[in-house]
Amino acid sequence: MPVKLIDSHCHIDSEQFAEDREAVIERALAAGVEHMVAIGSGDGPPDLEAGIRLADRYPFIYATVGVHPHDASKANAETYRRLRELAAHPKVIAVGEIGLDYHYDHSPREVQRDVFIEQMRIARDARRPIVIHTRTAWADTIALLREHWTPTGLGGILHCFSEGPREAEEALAIGFHISFAGIVTFPKAAAIQEAARITPAERLLIETDAPYLAPVPKRGKRNEPAYVVETARKLAELRGVTLEEIARTTSDNWRRLCFSKCV
Ligand SMILES: [Zn+2]
Ligand SMILES: [Zn+2]
């Protein structure tokens with residue numbers, strides 16, 4: 001019997017799964033993945049339902065809604081109106097992924113910040129946690145979270161955590177969960193691995209971010225939710241606990257974060 005795991009962040013809507021999505025989902029279930037969170041960013045506005053379409057179809061899939069920082073310049077008043085509606089969907093468990101990406105700068109930074117702030121307001125009003133994407137933008141991300149999110153008390157997830165222990169401490173101090181993805185298994189990821197060691201068990205989550213960045217030993221291949229077990233194995237090794245314990249704590253954390261505050 002495989003251990004039961006939750007993939008807290010994957011892009012099952014991706015074009016990369018167009019040919020075999022059904023088989024990918026079947027393999028995840030066979031590998032013990034009980035629930036998958038289909039991130040709803042898709043290709044950006046006007047389509048905001050990339051995750052919901054999957055959640056409506058499969059009972060074990062949940063969804064998020066949100067405009068990725070890459071697509072921030074596509075957001076307008078109609079986007080926000082629709083996001084407010086969709087955030088109340090019974091299977092939408094969080095708003096995301098939202099945040100800042102200064103690595104690619106696909107949208108101007110100022111626009112990214114405005115869209116991030118507006119979506120924090122939507123999540124606050126919908127009483128949903130947020131899923132944060134941040135890349136080469138740590139200081140601005142944490143400053144905006146402190147100002148606009150911490151007062152809500154709703155918490156959230158730093159997804160695909162790719163910083164070190166100092167940044168992990170900052171995120172933990174403002175109530176965030178930290179979600180580790182395939183990159184924590186990479187041999188050169190010493191800082192991320194140290195962050196994975198110091199994160200308290202009750203704040204730990206796992207994800208694939210499929211189809212991106214598959215964990216060792218699948219590195220270089222298209223990633224898929226079934227591979228979340230490889231990241232769980234690495235976390236168990238780094239923390240000196242069993243795979244079963246990682247599976248149990250990360251699943252309990254996900255349920256507590258995503259289902260206890262929603263109305
Ligand atoms: Zn991301
Ligand atoms: Zn993602």
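None of these values were measured; they are calculated from a predicted model. The chain is numbered in sequence order, starting from 1. Counting starts at 1 for both ligands and their atoms, in listed order.
- Remark: E230 engages R233 in a salt bridge, criterion side-chain N to carboxylate O under 4.0 Å.
- Using cut-offs of 30° and 60° for the angle between ring planes, the H106 and H70 rings count as perpendicular.
- Less than 2.8 Å away from the Zn ion (ligand 2), the protein contributes these N/O/S atoms: H9 NE2, H11 NE2, E97 OE2, D209 OD1.
- Residue pairs that meet the ring pair (Phe, Tyr, Trp, His ring centres under 6.0 Å) test with at least one member in residues 184-221, sequence neighbours left out, are H11-Y212.
- By the criterion of side-chain heavy atoms lying less than 4.5 angstrom apart, applied directly or through intervening Ile, Leu, Val, Met, Phe, Trp or Tyr residues, Y227 is not grouped with L204; the two fall into different hydrophobic clusters.
- Two rings, from F259 and Y62, have their centers less than 6.0 Å apart.
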Criterion side-chain contact (heavy atoms from CB on, under 4.5 Å) on V37 and H9, from CA distance to verdict: CA-CA 5 Å; V37 179; H9 188 117; 5.8 Å; no
